[in-house]
Each structure stands twice: as structure tokens, then as C-alpha cells.
Amino acid sequence: MAARTRLPLLFSKNLPPFKNQKLAHTEAAVKEPTYPPIVPSLTAKSKSARGRQVEDHVKKICASPVDEKLSLITRIQRKKFVVYPQTFARNADRWYQHFTKTAYIPGLPERFALDPEKRTGVEKEESSLPAGAQTTVPGVEIDAFADIRSLVTRMILQEHWHMKKRKPFLYREQEQMVGPFLRNLVTGLTYSLAKYNPLLPLSSLDIDPQVNFYWRRGQRIIPKGHRRGRQEPTRFQIDDQPHSQIRITQQLPQFTSLEASYAAEVPEVAFAPNLMPLFRRQYDNNIFTGAKLPDPACYGHTQFHLVPDRYHRDRMARQQQSDQVEVFLRANGLASLFAWTGAQAMYQGFWNHEDVTRPFVSQAVITDGQFFSFFCYQLNTVALSVETDANNPRKNLLWGTESLRLYESVQDGAVVGLNDDVVKLLVQFLVNQP
Amino acid sequence: KLLDLRRLSTHGGAMASHLQARRHFAVSRCLTAKVPPERKPRERVEIPGLEMVTYGERMHYVPGLSKPVHPQWERDYKDPRHYRSPPAHEMPLYKEKPCYVYNQRTSALEGVRQALWLTKTKLICGLPPQLLSLAESPANQIPDQDERVQNAIKHARFWDTTEERPGKEKYSNTLLLNLLHLCATLQSSHPAIGRRILAEKYSLAATWKRGEDLFQIRGQNGLLQNCMDPLPEVSGKQEVGDTADHVLETFYPVSPTIDLQKVNVYKEMNCSGFRGDYPYPHAHTLYFLEGADPRCKLRPEQFRAKMFMFTFGNALVRAHNLYGPQRVLDRPVTVQAVGTNGRIFQFMVFQLNTTDLSGDDGIKNQVWLDEDVELYDFAKVRPLIKKKQVKVPAGLAGYKPETFSKFLALYLHGAV
């Protein structure tokens, strides 16, 4: 019977061409969905419902203004690792690099080249100088540089020679002898260089500010409790108090492009963070650059840090830990600058799920009075949590120097062995502008 | 968990959390009880002729026998933890004549009047006309001055902390530093500002004789701005000569030495806090904060007196160093002072005309005082609402630009 005959296989192959010939020159009409999209439930007790809740929360955060974003991100308090920038832990810089996805590049970016030959080759203004003459920072005249040099000398002498002070109390030497010197240095240099850097007169100088940052990176399986076996993101918080910082109204230009950071290497540490040692606490999650959101000076320029007495290199030498001195300085620079640039990025509305579109750049100088170390940080990514880091090739970059001696000693009312290179670097750091 | 807290506090130094009370597991006694009063030892009665039988020879207590008296044992080596200072009259610097010392925690009863009498000074209310004209001239103003000063105030009062509002001593300190930062950014147009430096925690010592008594000023007081060049004198020779007719205000029966610390052990010294060939020998301005010392809260009048006395002390020491003791100065020494509590400012310009302070007559020193100048009326985080009406809005209210111009004028005095 006709209805029972099976259609030959050959015939069935020709069916589709019939359909396409009619619609050859027209585009496929967009079909309006007649039913709403099938999404997982919002309130069910299932993993897909939890996933949908998380997605909705993320969308809600993306759609809100910046201050609400910050409060939504930092609203819930949970146990988190408190990361101290100045820490006694050994090899802390490798741990911190892993936590913040930062690659360390020894030396400073090309902008701060120390080598005078390279600079005299590049800068045409210096070509008239003889080879043995005093070279200076491009843009700053030699007289102004000599003034700055004598200013630094006078400041060192004021604290160590001229001012009548009692012998410093135990573990208060840095606070009493070096703190005022660094403050005078920062203020004196800022105002002297105000005419070379138009950002500095509009800047805001904070003494003893607070810098906080809260982020998530990595996850662990909860070992015990009613949530045992489930994944939990590891949360970190940095609470830093630099000695002083300069905040500006415009952003500093990037040192390298975002793409250049793809090739950088970040050390991976296989151990859990609490083995560092690092301890967990639960308190207010803060994200703070030094001033709240309405402040016009929301971008960072330079931070100055003081090495506390406990981590002074003499004490480390007595404990046979001289190799950890540089490690300590690097870890300090890394953590402080990451927190500062991260907070600046958050203030602009970038967060874990909305990564930064332009790199955030800041600088830091860490000193114990005699030795200065310079650090530059470029934040290329804030997306550090597990979901967003899976396909993120960007890495943050930290440039840093070893500690350089500013002066040898103070004898009989004169500073012996003032190092010009360090003064030049300080000037270059402060003159950095877009 | 709780032990972790103590380890954490050494981790970062100043990062101890005060969320949980400090628990002390080492002892099992009550730690919060009142300390019992000291027990007085029983009075030992010496009856001449009667020898007391003691239990000293028996080497143990025997009821009925008296307690033996041993000679006082002195250590033959020096132990700094067990040092008892000798009584005042045995100290090497002991003098019969007492000295009245004004230190940074003195709260003078009569305030500015007492300070004027002690330093033989004439008070003029209001700032000198040169400074007022300096304040008005447009060349000495910061670009966008009002907006930047208001931003500075808002930063100090609202934006400086992660909490809702910073505390009073924090915001007064931040405000002063922000205002100084604003003034100092004028260094590009006024290069003489580069010849100044700030110094804090310097110890001042100044001595002078007034009538029969010796007075001294000692202490670490505030922020001092030193300058390589001296400040120009504010009033001319004519006015200085006119002060000889002024009569100092006494406040009998209160003695002028009231509230000053009377000491018999002192050293007569005049020291500005710096030694040797200091490149910034002249004092320019002193900045005082009311909340600097948490133990000592001064009322406004006493705070002004403190400002005045330390300004005088600085001027006197510098005059001593430059011109020697006991003279009428040809070139008067001028020092300025600014005191604040975070909202209200006191401006002072002091001119030292003479170091001859023994008698009540003769040329006097002069001080121009502008007191209780408000910078702004209210800086509230939440609006003040009374009976459902907004009395004071949130944020900064009632900003007065003249106050900052006076501050700037005092700063730029000598650098224009």
C-alpha cells in the first residue's frame, strides 16, 4: 500500500535542497521567541540556582554606581587572610607575587634610566656638556639640582646634627630620627619640584594615611564543617599605613602596554597561604586609597614607606638574615603598591568581573634613613578570582631596585658621601607626569 | 584563636586588632580589683636607756621580741632599675632662689593678661595692616583658592578615614597639614619659601628676670617653621617708642606667678633647640594644635597664653643668640604663631623690642592678636534636623574665605 511504502534513502537526501532554493536570496527571518528563555531557578536548593544567584549578583554590581559597587563588594564579612606588607615571613615576596599575580622585573623602567651615557645620547640638551660634568635629570636645570642636593644635605643635618635630641628609646629610633627627616624630605622635594611638574601643586599630600584593599584569589576545599567538601574562594585583605603619600588628580601614564605583560612570569606557590605564615581574621572589608570617593585627587603618584626598627638591616644582620632584607623591601613595595593601585582601580569602577581597561601606575620609595629602594608598579588586571582568572593572560608588573645608600655618615656637621644618583632618582620619581 | 591575636600584633607592628578584649590566662587571681591602700608600718618607739631585745641573733621570729633594725644597705654598683634620686637640696643644680617655669602643660589662670605682664608686652587687637593688605592682594593667592581650601577642609573632616568621621585630634592635624601644603605650593611663584624648613619636637629653653623673680620657658610645644632670613619688623621706631607710655595691666591680688611651676633645681639656659651652625637660625611661625597633648586640655584663653609664651620664648632665645643679654634691640625680632582646634584659628604676630624685662617701665614688646577666627561654621556628616526641619545641612557649611587669606598672609610674610 502507498502509505506503507518506505521512502527511498536517496529521496530523503534531496529534501533539504528544495527548501534552500526558495530562500536563497533572503536572510533567515529572526524568529521571535514565543517563550521566555529557560534559565535555572533562583530560589531552588540546587547548584544551578546558586549559579544563577551569583550571576544576578554580578549583574547587579555591574549596573550600580561606584560607591554602591564598593559597598556591595565589601558588604559580607567572612574569614580572610590579613596580608601585612611589612612581614617577618621568609621569602615573602614570592608568596605575595603569587597572591597578587605580579611579575617582578629587576631595575626600573626605561623612563628612570640611571645610566648617564644613555641619557646624554638621547637628550640633545645635554650634548653641549663635557663628559665629566655633573649630569642631571632631563627637564631640571643643573642649578635647581644643586639646590635640591643642598636641601637634602641640610635636612639630613637637621635631624642628625643640629637638633638637640635625646638618645632614642628602644625600637623608637626610626620614628624619632628618620620619620621627621623623611617628612621634611618629601615636603621639601615636592615644593621645589612643583614648577617642573604641574600635577604637584594640585596634588594632595597625606601624612600617615591608610590604604586598604580586599580581593579574592584561588580557592580551597573546606575541610570541616557543614560546608565540608565545597569550594571556598580565599579572601585577602591588606591594611597598610605608609609614612606619607602624594595623590594626584590625573593618572600617571603606563610604563609598558597591557599586552607586554602577557609574557611575564609569576611564581606559583603550591602551598596554602597559611603556611607562609598568614593568619585569618574576620572584620570590616575596606577598600581605601587614602581618601574617600568624593576626593578629586583619586589617582596615586608616590608613596613613601619607613622600615620599622624590627626589620632594620642591622637587626636582621644580627639574626643572620641579611639576605631577607631585600626580600622584605620587595614584599613591602609589592603589597603596598598593589593595594594602592587596586583601590584606585576600584574607585574608577573596575572590579573582579569588570577588568581594567587602562593600566594603573604608582611609585613607592622605601627607606630606613640611609638606604633607599625605589619601586614602580603597573596594575594590569584586577580579575584575580578563580572564575575570572582562568583565561586572563594579563599580569601585574613590579619594577624595583636594590637598596641604594643615600649618604655614608654624618660627621662634625657635614654629610659624608652623598650619592647623587639616589637624589636624581628621587627627583625623577617626583617629576613623573603624564 | 585568641592566642593568634597576640602573635598578630607583633606581625605588622601597629596592626593589632582591638576587636576582642585582651585575655590573660597566665594568672588565676582577680586582676581588676582595687589596689588596697598602703599599710603604714608600726611606729617604733625609742626609749632612751632601754635596750630593745630583738630576735636578730636568733635568726627567726620569736613572739614577744622586737623587730631588729638593720643599717640601710647601699648597692656598691650602679643599677639603673633601682635608682633613688637624692632629695632636692642635695642635687648639684640646687639654688636657693626659686625659678618659675612655664611648660607646655601649664594652664595660666589669667591667660593672656598674665602672659602680657610676664613678658612686658602691649596687646593690639587685630592683625597689623601690612599683613591685612598682603592678604588682600591678588598676586598672593593660590589659583582656585576657595575651592581648594574647601576640598582641604572636606578631606580633613570627612574623607580621611574608613570610618564615618575622623576624630578631633586627627582632623585638626590633617587640616593644618593640608593648609600648609596649599600655602607651600606657591613656592614656584615665591622662591623665598624654599628657604624655610619645618621642625617638630624641638625643646625650647629661655630664661629671663622680671622684677625679683626668675622665669623660664621649657618644653616641646608645636610645629616650628624656621627660615634662613629674619622676618621684617612690623612696627616702626615711632610706635616702638610710643609703647613706653603704655601701662601693663596687673591683676592684684592674684600674683603673676600663679600656675607656674616653682622649682629650686634648675639650670639657667637659653637654647633654641638647635645647636651649632644651623642654616635656618630665624624662627618664622609656630603652629599649635589644641589636641596635641591628650593629657592637657586647655581652654581658649589658656591656649592663647601658651601660644604667646612660646612665641616669646623663641624670640627671646634668638635675640640672646644674636645680640647678647639685657639690651633694647635696634632690630626687633618678629615671630608669628597660629593656633587651631580644627575649626577656630588664633593668629598672633609678636615683636620683641627689648630683652630688658626687669622693670615695669620702658619700651615694651608688642603683640598683634586676632582671636577666635572661624574657618567654617559646620562640617557635619549627617544633617542636623530639629522638629523635622533641616537646621544645618550635611557637608561643609559657612565657609569663610578671609580666614585662609590671613593664614596665607602670615605664611607669605617675609617671602613676598
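Because the structure is predicted, anything quoted here is derived from the model rather than measured. Chain identifiers are assigned alphabetically (A, B, ...) following the order of the sequence lines, protein sequences preceding nucleic acid strands; residue numbering begins at 1 within each chain. Computed over heavy atoms, backbone and side chain alike; hydrogens, waters and symmetry mates excluded.
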Full working for side chain to side chain contact (heavy atoms under 4.5 Å, CB included) between A/Arg247 and B/His155: CA-CA 12 Å; A/Arg247 281 178 296 117; B/His155 173 255; 3.2 Å; yes
Interface moiety of B/Asn151 toward chain A, non-hydrogen atoms closer than 4.5 Å: side chain
NE2-CG distance between A/His162 and B/Asp277, expressed to the nearest 0.5 angstrom: 6.5 Å
CD/A/Glu175: more than 12 non-hydrogen atoms of other groups inside 6.0 Å: yes
Chain B contact via A/Asp295 - which portion, at a heavy-atom distance below 4.5 Å: both
A/Ile207, part contacting chain B, at a heavy-atom distance under 4.5 Å: side chain
Distance, nearest 0.5 Å, that separates CD of A/Gln158 from CD1 of B/Ile197: 4.0 Å
Check: B/Arg275 main-chain N/O paired with A/Lys164 side-chain donor or acceptor under 3.5 Å: no
Region of A/Pro201 in contact with chain B, defined by heavy-atom distances below 4.5 Å: both
Which portion of A/Arg183 sits near chain B, non-hydrogen atoms under 4.5 angstrom: side chain
Closest contact, heavy atoms only, B/Trp159 versus A/Phe288: O-CZ, 3.6 Å
Options A/Pro209, A/Ser203, A/Ser204, ranked by heavy-atom pairs under 4.5 Å with chain B, top entry: A/Ser203
Top contributor to chain B interface from A/Gly290, A/Pro85, A/Pro308 [non-hydrogen pairs under 4.5 Å]: A/Gly290
Expected output: side-chain A/Asn184 to main-chain B/Leu198 donor-acceptor under 3.5 Å: yes
Interface residues of residues 185-198 of chain A facing chain B - non-hydrogen atoms under 4.5 Å apart: A/Tyr191, A/Ser192, A/Lys195
Residue B/Tyr399 excluded, over 12 heavy atoms near OH under 6.0 Å: yes
B/Glu164 backbone acceptor or donor facing A/Lys292 side chain under 3.5 Å: yes
Heavy-atom pair with the smallest gap, counting every atom of B/Arg148 and A/Leu202: NH2-CA, 3.5 Å
Which of B/Arg196, B/Lys201, B/Gln187 touches chain A most, by non-hydrogen pairs under 4.5 Å: B/Gln187
Contacting region of A/Pro294 [heavy-atom separation from chain B under 4.5 Å]: both
Part of B/Ala199 within contact of chain A (heavy atom distance under 4.5 Å): both
Contact origin within A/Asn212 toward chain B - heavy atom pairs under 4.5 Å: side chain
Heavy-atom closest pair, residues B/Tyr280 and A/Arg154: OH-NE, 2.8 Å
Portion of B/Glu163 that has a non-hydrogen atom of chain A nearer than 4.5 angstrom: backbone
A/Asp206 CG to B/Asn178 CG distance, which is reported to the nearest 0.5 Å: 7.5 Å
Which portion of A/Asp147 sits near chain B, non-hydrogen atoms under 4.5 angstrom: neither
Inter-residue atom distance A/Lys165.NZ - B/Gln220.CD, 0.5 Å rounding: 10.0 Å
Heavy-atom pair of closest approach, residues B/His181 and A/Leu200: NE2-O, 4.5 Å
CG-CG distance between A/Leu205 and B/Leu177, expressed to the nearest 0.5 angstrom: 8.0 Å
